[in-house]
Amino acid sequence: QVQLVESGGGLVQAGDSLRLSCTASGRSLSAYTMGWFRQAPGKERNFVAASRSSGGSIKYTDSVKGRFTISRDNAKNTVYLQMNSLKPEDTAVYYCAADREDWGSRERYEYDYWGQGTQVTVSS
């Protein structure tokens with residue numbers, strides 16, 4: 001079993017940056033795809049970014065390309081989401097997730113473990 005805990009969310013202004021962290025316990029994440037998803041109020045949980053176990057095959061949703069960067073430190077069992085040039089439309093609860101089959105997918109159903117989420121609010 002894997003437990004994921006996100007941190008780093010908060011209230012910022014448009015144009016600011018935040019770095020989210022997701023730390024795992026219970027098992028090494030080195031063989032897992034790690035993903036970030038977000039859910040705005042009243043909307044579905046949507047894909048943001050993913051990194052396969054090797055750190056390659058990185059994917060982003062189009063709206064965050066060039067602004068967000070996913071990275072991982074397998075030695076620390078932690079994955080990060082660096083978010084720059086934040087916009088009000090980035091406001092959401094951000095979740096990290098782990099896929100033990102290492103598919104590198106954008107699909108929620110491929111992920112086996114989820115964190116509780118961290119709130120990111122961007123004011124205009």
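Numbers here are sequence positions counted from 1.
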Engineer: Please, which pairs that meet ring-ring contact (aromatic ring centres under 6.0 Å, His included) have at least one residue in residues 102-124, sequence neighbours excluded?
Structural biologist: Phe37-Tyr111, Phe37-Trp114
Engineer: Keeping Arg72 on the side-chain end and Ser51 on the backbone end, is there a donor-acceptor pair under 3.5 Å?
Structural biologist: yes
Engineer: Could I get the full list of side-chain hydrogen bond (donor to acceptor under 3.5 Å, both in side chains) partners for Thr61, not counting sequence neighbours?
Structural biologist: none
Engineer: Taking only distance into account, with no hydrogens and no angle test, what donor-acceptor pairs under 3.5 Å do side-chain atoms of residues 8-18 form with protein atoms, sequence neighbours excluded?
Structural biologist:
| from | atom 1 | to | atom 2 | distance (Å) |
| --- | --- | --- | --- | --- |
| Asp16 | OD2 | Gln13 | N | 3.1 |
| Ser17 | OG | Asn84 | OD1 | 2.9 |

Engineer: Are any non-hydrogen side-chain atoms of Tyr95 and Gln39 less than 4.5 angstrom apart?
Structural biologist: yes
Engineer: Considering non-hydrogen atoms only, spot the tightest contact between Leu29 and Ala24 and give its length.
Structural biologist: CD1-CB, 3.3 Å
Engineer: Hydrophobic clusters here meaning ILVMFWY residues chained together by side-chain heavy-atom distances under 4.5 Å, can you tell me if Phe47 and Val120 are in one?
Structural biologist: no
Engineer: Do the side chain of Asp73 and the main chain of Thr78 share a donor and acceptor less than 3.5 angstrom apart?
Structural biologist: no
Engineer: For Ala92 versus Gln119, what's the shortest heavy-atom pair and its separation?
Structural biologist: O-NE2, 3.4 Å
Engineer: Taking Asp112 for its side chain and Asp99 for its backbone only, find out whether a donor-acceptor pair lies under 3.5 Å.
Structural biologist: no
Engineer: Which ILVMFWY residues are connected to Tyr80, directly or by a chain of links, through side-chain heavy atoms under 4.5 Å apart?
Structural biologist: none
Engineer: Okay, side chain of Ser30, backbone of Ser28: is any donor-acceptor separation there less than 3.5 Å?
Structural biologist: no
Engineer: Between Arg106 and Ala49 (side chain of the first, backbone of the second, donor and acceptor by atom type, cut-off under 3.5 Å), is there such a pair?
Structural biologist: no
Engineer: Find out whether Arg108 and Glu44 are in side-chain contact, i.e. whether some heavy atom of one side chain is under 4.5 Å from a heavy atom of the other.
Structural biologist: yes
Engineer: Which residues satisfy the salt bridge (Lys or Arg N to Asp or Glu O under 4.0 Å) test with Arg67, sequence neighbours excluded?
Structural biologist: Asp90
Engineer: Would you check, one step at a time, whether the test side chain to side chain contact (heavy atoms under 4.5 Å, CB included) holds for Trp36 with Cys96?
Structural biologist: CA-CA 4 Å; Trp36 286 97; Cys96 73; 3.9 Å; yes
Engineer: Any donor and acceptor pair, going by atom type alone, linking the side chain of Arg52 with main-chain N or O of Asp102 inside 3.5 Å?
Structural biologist: yes
Engineer: Restricting to non-hydrogen atoms, name the atom on Ala98 and the atom on Met34 that form the minimum distance, rounded to 0.1 Å.
Structural biologist: CB-SD, 3.6 Å
Engineer: Under 3.5 Å, side chain of Glu6 to main-chain N/O of Gln116, donor-acceptor pair present?
Structural biologist: yes
Engineer: For a quick test of reading the model, state the closest non-hydrogen atom pair linking Ala50 to Thr33 and the distance between them.
Structural biologist: CB-CG2, 4.3 Å
Engineer: My understanding is that only residues two or more places apart in sequence, or in another chain, count here; which of them pass side-chain hydrogen bond (donor to acceptor under 3.5 Å, both in side chains) with Glu101?
Structural biologist: none
Engineer: Of the non-hydrogen atoms in Cys22 and Leu4, which two are nearest, and what is the gap between them?
Structural biologist: SG-CB, 3.9 Å
Engineer: Are side-chain heavy atoms of Thr118 and Leu20 found at a separation under 4.5 Å?
Structural biologist: yes
Engineer: If every non-hydrogen atom of Arg38 is compared with every non-hydrogen atom of Ser63, which pair is closest and at what distance?
Structural biologist: NH2-OG, 3.3 Å
Engineer: Going by side chain to side chain contact (heavy atoms under 4.5 Å, CB included), Ile70 matches just one of Ile58, Val64, Val48. Which one?
Structural biologist: Ile58
Engineer: Report yes or no: do Val79 and Tyr32 belong to one cluster of Ile/Leu/Val/Met/Phe/Trp/Tyr joined by side chain heavy-atom distances under 4.5 Å?
Structural biologist: yes
Engineer: Once you round to the nearest 0.5 Å, how far does NZ of Lys65 lie from OH of Tyr60?
Structural biologist: 10.5 Å
